[in-house]
Amino acid sequence: MTELDYLDQDPGTAAYPTRILVNKKFMRMDSGKDAGDFILMDRHTGTVYNVIRSDANIYRYNPHPVTLAKPTPWKIQEQVKQLPGNTRKFTLGVNGKPCMEITATDKLLPDVTSALATYRQTLSRVEALTWQRTPPEMRDQCDLAQHVFEIRRTLQYGLPIEEVYANGRSRRYVSHSTHASQAALFELPPKYKIINADQVQGK
């Protein structure tokens with residue numbers, strides 16, 4: 001399995017670790033603690049499971065097409081700068097507003113990049129529903145670009161090694177390594193209740 005480590009940071013808070021583990025069948029995301037909460041994705045079906053140990057619950061997210069239409073107007077602005085080592089830094093904006101600056105490389109862990117694309121695509125419907133339920137005065141079209149309509153663009157130049165978003169969130173690559181796959185890390189707790197998020201959110 002491949003282990004990829006990032007440092008994530010939210011506005012006004014200290015940075016915290018995010019670990020991504022990928023093998024041929026699954027992708028797991030957690031804080032680096034084997035016994036903590038984690039997200040597990042079946043790479044073949046795209047189904048995402050969010051495991052909350054304190055509640056003994058597992059929330060299941062099934063992939064569905066996004067039916068939300070793009071707002072009008074929807075004009076993407078993009079600038080790309082070539083850096084050494086097959087690395088590019090690009091900025092992406094919507095309707096004149098800067099949304100993100102991402103540095104990425106297409107030579108690093110392409111299998112992880114593929115898994116991340118599947119994961120983001122599955123959750124795009126959840127993000128679209130969140131957008132629809134957000135009061136109009138609080139909506140940000142950058143959220144739609146990042147999480148719904150421009151997912152492929154965010155990964156178009158390969159694995160992100162640094163991401164900075166207009167909402168103040170950021171992610172920075174730390175390291176990656178290869179280990180023998182541990183089956184237990186890619187298993188759901190057998191006695192937890194599985195909750196279908198479709199039923200909670202409304203299909």
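Just so it is clear, the structure is predicted and the values come from calculations on it, not from any experiment.
- Annotation: K70, atom NZ; neighbour count of heavy atoms from other residues, nucleotides and ligands within 6.0 Å is above 12.
- Looking only at distances, a side-chain donor or acceptor of T122 sits under 3.5 Å from a matching main-chain atom of G46.
- Looking at S181 and H179, their side chains never bring a donor and an acceptor atom within 3.5 Å of each other.
- The nearest pair of heavy atoms linking G36 to R53 is O-NE, 2.7 Å.
- A donor-acceptor pair shorter than 3.5 Å can be found between the side chains of T154 and R120.
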Start with the C-alpha gap between Q156 and E78, add the side-chain angles, then the distance that decides, and say whether side chain to side chain donor-acceptor pair (under 3.5 Å) holds.
CA-CA 12 Å; Q156 63 185 320; E78 182 177 351; 2.7 Å; yes
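- Looking at D5, L7, L108 one by one, the single match for side-chain contact (heavy atoms from CB on, under 4.5 Å) with Y173 turns out to be L108.
- Separation of atoms CG (L159) and OG1 (T105) is listed at 8.0 Å; rounding is to 0.5 Å.
- Residues R125 and L129 have side chains in contact (heavy-atom distance under 4.5 Å, counting atoms from C-beta outward).
- Rounded to the nearest 0.5 angstrom, I161 CD1 and T103 OG1 are separated by 6.0 Å.
- Ring geometry for F26 versus F186: interplanar angle under 30°, hence parallel rather than tilted (30 to 60°).
- For the pair L144/P71, a side-chain contact is recorded, criterion being any heavy-atom separation below 4.5 Å from C-beta on.
- Closest heavy-atom contact between P189 and F38: CD-CZ, 4.1 Å.
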From CA spacing to verdict: side-chain contact (heavy atoms from CB on, under 4.5 Å), K75, Q77:
CA-CA 7 Å; K75 295 182 179 179; Q77 297 84 40; 3.8 Å; yes
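- At a threshold of 4.5 Å between non-hydrogen side-chain atoms, the residues N62 and N196 count as touching.
- Within a 6.0 Å radius of CD in Q79, other residues, nucleotides and ligands contribute 12 heavy atoms or fewer.
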Do D34 and R28 pass the salt bridge (Lys or Arg N to Asp or Glu O under 4.0 Å) test, and can you show the C-alpha distance, the side-chain angles, and the key distance before you say yes or no?
CA-CA 10 Å; D34 294 353; R28 170 178 167 141; 5.0 Å; no
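- When hydrophobic clusters are built by joining Ile, Leu, Val, Met, Phe, Trp and Tyr residues whose side-chain heavy atoms come closer than 4.5 Å, directly or via intermediates, V66 is not grouped with M41.
- Under the 4.5 Å side-chain heavy-atom criterion for Ile, Leu, Val, Met, Phe, Trp and Tyr, W131 and Y61 are members of distinct hydrophobic clusters.
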Might you work through the side-chain contact (heavy atoms from CB on, under 4.5 Å) test for V48 and N50, ending with a clear yes or no?
CA-CA 7 Å; V48 173; N50 187 10; 5.7 Å; no
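- Annotation: side chain of I39 is not in contact with side chain of M27 (no heavy-atom distance under 4.5 Å).
- Within the 3.5 Å criterion, the main-chain N or O of N23 finds a donor-acceptor partner in the side chain of R43.
- Classification of D30 and R19 as a salt-bridged pair holds, one side-chain N sitting under 4.0 Å from a carboxylate O.
- Counting only heavy atoms from C-beta outward, the side chains of I76 and L92 approach each other to under 4.5 Å.
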Chi angles and distances behind the side-chain contact (heavy atoms from CB on, under 4.5 Å) call for I58, I195
CA-CA 6 Å; I58 301 171; I195 299 171; over 6 Å; no
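- Annotation: side chain of Q9 is not in contact with side chain of R169 (no heavy-atom distance under 4.5 Å).
- Connection of V80 to M100 is established within a shared hydrophobic cluster, with ILVMFWY side chains joined at heavy-atom distances below 4.5 Å, either directly or through further cluster members.
- A donor-acceptor pair shorter than 3.5 Å cannot be found between the side chains of Q132 and E127.
- The two residues C142 and P98 come nearest to each other via the heavy atoms SG-O, 3.8 Å.
- Under the 3.5 Å distance criterion, with hydrogens and angles disregarded, no donor-acceptor pair is assigned to the side chains of Y119 and Q121.
- Between L155 and T113, the shortest heavy-atom contact is CD1-O, 4.1 Å.
- At least one donor-acceptor pair under 3.5 Å links the side chain of T87 to the backbone N or O of G85.
- The 12-atom threshold is exceeded at CZ of R153, counting heavy atoms of other residues, nucleotides or ligands nearer than 6.0 Å.
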Audit row: H44, K25, side-chain contact (heavy atoms from CB on, under 4.5 Å) steps and yes/no:
CA-CA 7 Å; H44 298 300; K25 295 182 178 180; 4.0 Å; yes
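- The shortest side-chain heavy-atom distance between R88 and D106 falls under the 4.5 Å cut-off.
- Here the side chains of V22 and D111 are in contact, with some heavy-atom distance below 4.5 Å.
- Note on L109 and I20: same hydrophobic cluster, where clusters join Ile, Leu, Val, Met, Phe, Trp and Tyr whose side-chain heavy atoms are under 4.5 Å apart, directly or indirectly.
- Rounding to the nearest 0.5 angstrom, the gap separating the CG atom in N57 from the CG atom in D37 is 11.0 Å.
- When every heavy atom of L68 is checked against every heavy atom of A128, the shortest pair comes out as CD2-CB, 4.1 Å.
- D8 and T18 share a side-chain donor-acceptor pair at under 3.5 Å.
- With rounding to the nearest 0.5 angstrom, the OH atom of Y6 is 11.0 Å from the OG atom of S175.
- Here the CG atom belonging to L4 is positioned 9.0 Å from the CG atom belonging to L21, to the nearest 0.5 angstrom.
- Put simply, the side chain of T130 gets close to the backbone of V126: a donor and an acceptor are under 3.5 Å apart.
- In plain terms, the two heavy atoms of R171 and M29 that are nearest each other are NH2-CE, 4.3 Å.
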Let me see the working for Y59 and Y49 under ring-ring contact (aromatic ring centres under 6.0 Å, His included), right down to the final yes or no.
CA-CA 6 Å; Y59 293 87; Y49 302 89; over 10 Å; no
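- The distance from the CG atom of D143 to the SG atom of C99 is 8.5 Å, given to the nearest 0.5 Å.
- If you check the side chains of E3 and H176, you find no donor sitting under 3.5 Å from an acceptor.
- A continuous path of ILVMFWY side-chain contacts below 4.5 Å connects I102 to V94, so both sit in one hydrophobic cluster.
- Judged by distance alone, the side chains of E150 and W74 do bring a donor and an acceptor atom under 3.5 Å apart.
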